[in-house]
Amino acid sequence: MSATAPEQVAHRAGANTFRHVVFSQGQIATRVAEMGAGISDHYPASEPLLVLGLLKGSFIFMADLVRTIHRPLHLDFLVASSYGKATVSSGRVNLLYDPDTSFEGKHLLIVEDIIDSGNTLKQLLPDLRRRGAKSVEVCALLHKRLVALEPEARWVGFDCPDEFVVGYGLDHAEDFRHLPFIGSL
Ligand code: IMP
Ligand code: MG
């Protein structure tokens, strides 16, 4: 009896199997480092920077990104209500966790895994902007370019095909988040 290779198991969950790799581990690492360098250069070193990751999807991206930002920063997370098991966005986005720390006088950098309908950020950003931050910018790993944000995300890793993508933090009904690359179902 032949054992199933570990990578084949990892790429399959229930009825879902990977169709193809969209962004490889190497491509992601290179691009994340470029974004980290850009972010390091953008903010005056003496001004406080608070990096806020939107959970859960951004957890791997956030962890890799902050390690390529070479300047002082604090980090925290936001938890917004999610799609649940659906693959299509619907309705109101609520914050389920919001940091205690004040935003007053700080540069806020919101780290998002993917901009799809743009609903999440369109709803959250106006609230975040009202809280006295010195600036509020978005760094998204992926952007499907189905919508334009106003203002647009300052840092975008990759323009993403309009497919449901998983891996590197992105899930489908909680499957596939742990994969080190991004693939399409
Ligand atoms: P929005 O449609 O821009 O509001 O996207 C909100 C959230 O939905 C993202 O932060 C992701 O967590 C999730 N999402 C959107 N598109 C995809 C996808 O293609 N794969 C996995 N998650 C997605
Ligand atoms: Mg998600």
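Whatever order the structure lists ligands and atoms in, that order sets their numbers, starting from 1. Quick note: residue numbers are just sequence positions, from 1.
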task: Run down the list L141, D113, L124 and name the one with the heavy atom closest to atom 9 (C) of ligand 1.
output: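 Minimum heavy-atom distance to atom 9 (C) of ligand 1 goes to D113.
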Which ligand 1 atoms are under 4.0 Å away from a heavy-atom of [X]?
X	result
V165	18 (C), 19 (O), 20 (N), 21 (C)
L170	21 (C), 22 (N)
E163	19 (O)
E112	10 (O)
T120	1 (P), 4 (O), 5 (O), 6 (C)
I115	3 (O)

Residues R131, D98; criterion salt bridge (charged side-chain N to carboxylate O under 4.0 Å, His left out); working and verdict: CA-CA 12 Å; R131 290 163 58 177; D98 189 347; 3.0 Å; yes
Could you establish whether [X] and ligand 1 come within less than 4.0 Å of each other, counting only heavy atoms on the residue side?
X	answer
K144	yes
K56	no
G57	no
V93	no

field: Heavy-atom donor-acceptor pair, K134 side chain to L49 backbone, under 3.5 Å
entry: no
task: For the pair E152 (side chain) and L149 (backbone), establish whether a donor and an acceptor sit closer than 3.5 Å, ignoring hydrogens and angles.
output: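 The answer is yes, because a donor-acceptor pair under 3.5 Å joins these two groups.
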Path from V138 to V156 over hydrophobic side-chain contacts below 4.5 Å: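 Different hydrophobic clusters.
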- prompt: Are L146 and L125 co-members of a hydrophobic cluster defined by side-chain heavy atoms under 4.5 Å apart?
  reply: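 Not linked; separate clusters.
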